[in-house]
Every structure is written in structure tokens, then in C-alpha cells.
Amino acid sequence: MTKTSNQMWGGRFQAGNDAIMEAINASIGFDQRMAAQDIQGSRAHAAMLAATGILTDTDAETIREGLLTVLSEIEAGTFPFSTALEDIHMNVEARLTDLIGPVAGRLHTARSRNDQVAVDFRLWTRDQVDASIEGIQQVMRAFIGQAEQGADWVMPGFTHLQTAQPVTWGHHMMAYVEMLGRDLSRFRDARARMNESPLGAAALAGTPYPIDRHMTAEALGFDRPMANSLDAVADRDFALEFLSNASICAMHLSRLSEELVIWSSAQFRFVKMSDRWSTGSSIMPQKRNPDAAELLRAKIGRIFGAHTALMMVMKGLPLTYSKDMQEDKEQVFDAADNFLLSLAAMSGMVADMSANTEALRASAASGFSTATDLADWLVRTLNLPFREAHHVTGALVAMAEAQDCDLPDLSLADMQAVNADITDDVFNVLTVEASVASRTSYGGTAPDNVRVQIARWTAELDG
Ligand code: ARG
């Protein structure tokens, strides 16, 4: 099927595109999400063309007003998007022509869709980075709130998901604050790196017009224009960095989600997720499912998938622009939507969950969790080498196991049968409270340490 040639670039064509060519070529179905950025870029460009005398002030003003009308039509949902016009850039320009006539054609002076799409996508991604920074901070605040409540609540610390040593609830919550703090700094770093303007690179080589790239860069909130026009239209590393950072952060959220799934089970009962974040079963009335946590656990899959997909799109492309790069957007859009949704859900879930302090303490006290404290007491008080203390403690654990009791339940006589020098004082270190209170080394789980870290992060987030 043929039609008349494309009104934007069809000068040398006699016939229009095949319908299937039109379908595979069009990006308007998704890149209309960048409409606001496209118009923002065009307005900055038009103002610069007037300031440098490339356009008359009258033409620039007509274009400016026309663009505002186009924007209001898009916002109102009345804009006539057309697949035949391929993408957002040509849709906007065609509509501008309908509205203001041939002067619209002057807007594309000293510009190409190559630098235009690079600007639009960079601005769009920068917005997502800003929203991510906000979202991560919200999750951090939710964790800090939990840590404040339970700086000294005792829970089991795990390695291999086996009880290892008692830790505090606050310490566990603050571990995620540390992870998210690094995520935050990764997004901030990426923002600083991506905040350069590709506008004015034109098709790839720059332009003979006396444009002012510093002016457009500033108008669009960029720190400076990109220094190499080929690089400006060719790279998408800013989107990859966004996806990479989102993947790492989603990985952190996924680990926490897994913990929430385990902790909210009837076997653990460490936390109760609020009704707002749980669902029931249509057949089993007793059920209370942590669906939001499960979905969050899975979201990393599509976010990481988007990162891999874009890496594959970009990896073999010769400089500069190739149409392959139109495939850069959809997955980034999807990943960003799901990432921001994940952050919002996580901050709500964490803020709303309630810890079962009794179950946490009971679990912390089981599994001989203070065995290391006992060994340390033998080293400190009896001056045993740590290896020997480890051995003595092992024998005492075996004895408690045989008697079906915990370490603090052994009698002094039993303990002295293993090592005659043990005194009553040992019982002071065998409680879980004593165990966590003793771990005052920098970064350790002692409640006082936790409170110091809470104060540090609160100041950081508020500052
Ligand atoms: N829709 C295109 C994209 O998303 C815009 C750039 C087109 N440039 C070109 N030289 N055909 O990549």
C-alpha cells in the first residue's frame, strides 16, 4: 500500500510507506510521554534562535504561543496524535504548522530530531532521577521511624538464615538505611553526570548558524552544553545509569521484601503487615498474604531486564545515531514506572508494619544465640585462647542441647564440669539484652550505637 510521501521528510520520495513500515517505524505510541519535554526543548530553542538573530522576535513569539497551545491540547487530551507522523517531534511540529502556518517550519532551523530526541529523553530521565531521589528518601524515613521505635528491641541476627547472634531491630532497620543511602548517592552522582545539554549538536556535526548552546543549556536547567556533538546525539549512557542504579536499589528492596515475606509468616510471626498492604485468599479465610512484598521482590526482574535490553540495543552501534536507538525508551519508561511504584509501596509497608517484640525476643534467645558471648567471657575472664574458649562453649552447647534447654538455663555445676574456673558471673553475659548492649564496637548492634546512627541519618536527610 502506498500513500503520498511524508510531509516532514518526504521531499525526495515519490510514494508513501507501506503500512507495516509505518507501524514498525512509529514511536508516537510511546514517545508521546515526552511531549512536555519536547515542547520545553523547542521553546528554549526558539528563544535562543531569536536572541541570536537567527529568527525574528515576531516569528519566535508566534512559535512560542503556538507551542503553548499545543501543550495545552496535549494536557487536555485533545491532541490528535498520528502514527503517520511517526514520533512526538513530528507530531508537535505538524500541529504547530496547523496552528500558526508555515512559520512553524522555522523552528527546526539549526536543529535535528537527533539532538531533539536526545534532549527530550535526557530531560525525562532527569525527572525520574529526581523522583527516585525523593522516593528513596521516603523509604529511608520509614526505616528510621522503625529504628527509633525499636532501637533496643532484640531480634535474632542471621547468617545462612540460621540464628547467629542477637541484634537489635533498630540495627537491622538501619542496615537498609545504609544501603539506600548508597543508592541515593548513586542517583545523585548520575544526575550530575547526565546534566549536560545535547541541544545544538544538530544532526551530528553541529551547525553553521551562530547558535548559543550555553543559553539553551541554562534555560533547560543543564549545567553546560555537551562538548562533542557526535557524543551528544550518540550516547544513551544516562539512561543506562538510571537503570543500573534502579536495578541495584530494586535489588535492595527485593531482599527486604523477602525478609518481610518470611517474617510475616505464621512460622516466624516477627512482623504484622498492615491491612493496607496485605490481601486475603478467596478460599482460605485465615490467609493474610504479603502480596505487595512479593510483587516488590519480583520487580527487580523487569528493571534489570530493561537494563540488559538497552545495553544490547546500544552495544554494537557505530557512531552516531541509528534508528535502533528508538528502542531505548519503552523499557526505561516501564522500569521507571515500576521502580517509583516500588519505592512508594515500600515506604508505606515499612512505615505501617508492626513488629512482634515478644516473638522477636523469644526467637533471639533460642538457638544458643549467646554462645559467642559465652566464649568471649571465657577469653576475657579466664584468659583462655579464643580457640579453646570456642571448644569449651561447644561442649556447653552440646550439654544444653542434651538437656533440651538454652545456655542460661544450665546450672553452674554443669558448667564447671566442663571448665572448673567458670563462675556465676558468666550468667550476666548470657541474656540477649546483655549480648546486644555489649556490642559497642563502631558499627555494632548496641542500642546506643543505633541511636547515634539514627541521629546522623536524620540530620543528613533533613539537612
Ligand atoms: N523517533 C526517533 C527516536 O526515537 C527520533 C529521532 C529520529 N532521527 C532520525 N534520524 N530518524 O529515536
Side-chain angles (χ1 to χ4, degrees), residues 5-13 16-18 20-42 44-45 70 74 79-97 104-105 107-128 194 197-207 216 220 226 229-240 242-243 306 309-336:
S5 64
N6 186 290
Q7 73 176 91
M8 295 291 160
W9 46 247
R12 63 165 293 178
F13 290 80
N17 278 158
D18 189 277
I20 293 176
M21 176 58 194
E22 191 175 298
I24 196 172
N25 200 33
S27 55
I28 189 62
F30 48 89
D31 67 13
Q32 53 180 275
R33 278 193 73 167
M34 306 190 307
Q37 288 79 6
D38 195 70
I39 290 167
Q40 196 188 352
S42 288
H45 185 64
V70 174
I74 289 171
F79 186 91
F81 288 111
S82 148
T83 313
L85 288 165
E86 263 183 64
D87 57 23
I88 185 62
H89 324 296
M90 296 202 295
N91 268 267
V92 168
E93 193 182 324
R95 182 69 189 138
L96 189 64
T97 310
L107 173 61
H108 215 50
T109 314
R111 187 177 75 168
S112 153
R113 273 191 294 156
N114 294 350
D115 59 341
Q116 203 178 346
V117 72
V119 171
D120 294 4
F121 197 27
R122 221 171 249 263
L123 289 173
W124 191 89
T125 305
R126 191 179 71 185
D127 284 348
Q128 307 307 305
M194 75 173 61
S197 175
L199 192 57
L204 76 165
T207 171
T216 45
L220 296 170
M226 293 178 77
S229 62
L230 303 176
D231 173 45
V233 295
D235 208 358
R236 294 293 183 264
D237 59 351
F238 61 93
L240 283 165
F242 169 72
L243 292 174
L310 185 52
M311 277 288 197
M312 293 302 108
V313 167
M314 297 304 296
K315 76 170 181 60
L317 299 184
L319 301 189
T320 53
Y321 179 86
S322 296
K323 197 62 175 259
D324 307 52
M325 288 160 69
Q326 182 164 287
E327 288 287 310
D328 61 358
K329 293 176 229 16
E330 266 175 299
Q331 309 225 32
V332 181
F333 293 167
D334 179 79

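Each ligand, and each atom within it, is numbered from 1 in the order the structure gives.
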Worksheet item: Are the side chain of Asp31 and the backbone of Asp87 linked by a donor-acceptor contact shorter than 3.5 Å?
Response: no

Distance to 0.1 Å, residue and atom name: give those for the protein heavy atom nearest to [atom].
atom	answer
atom 8 (N) of ligand 1	Asn114 OD1, 3.0 Å
atom 2 (C) of ligand 1	Gln326 OE1, 3.2 Å
atom 11 (N) of ligand 1	Arg113 NH2, 3.5 Å
atom 5 (C) of ligand 1	Asp87 OD2, 3.4 Å
atom 12 (O) of ligand 1	Tyr321 OH, 2.4 Å

Worksheet entry | Other residues, nucleotides, ligands: >12 heavy atoms within 6.0 Å of Glu327 CD |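 No - once you tally the heavy atoms of other residues, nucleotides and ligands closer than 6.0 Å, there are 12 at most.
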
Is there side-chain contact between [X] and [Y], with at least one heavy-atom pair below 4.5 Å?
X	Y	value
Lys329	Met34	yes
Leu123	Leu220	yes
Gln326	Val117	no
His108	Gln116	yes

Worksheet entry | Contacting atoms of ligand 1, where contact means under 4.0 angstrom from a heavy atom of Ser27 |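 Under 4.0 Å from Ser27, ligand 1 has these atoms: 1 (N).
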
Discussion item. If we set the cut-off at 4.0 Å for heavy atoms, which region of Lys329 has an atom near ligand 1: side chain, backbone, both, or neither?
Written reply: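 For Lys329, only side-chain atoms sit under 4.0 Å from ligand 1.
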
Worksheet item: Hey, is Gln116 touching ligand 1 through its side chain, its backbone, both or neither, going by heavy atoms under 4.0 Å?
Response: neither

Discussion item. Between Glu93 and Arg113, does any NZ, NE, NH1 or NH2 come within less than 4.0 Å of an OD or OE carboxylate oxygen?
Written reply: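 Answer for the salt bridge query: no.
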
Worksheet item: Does any N or O atom in His89 lie less than 3.5 angstrom from one in ligand 1, N or O only?
Response: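 No: no nitrogen or oxygen of His89 is under 3.5 Å from one in ligand 1.
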
Discussion item. Below the 3.5 angstrom mark, is there an N/O of Lys323, backbone or side chain, next to an N/O of ligand 1?
Written reply: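 N/O-N/O distance below 3.5 Å does not exist for this pair.
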
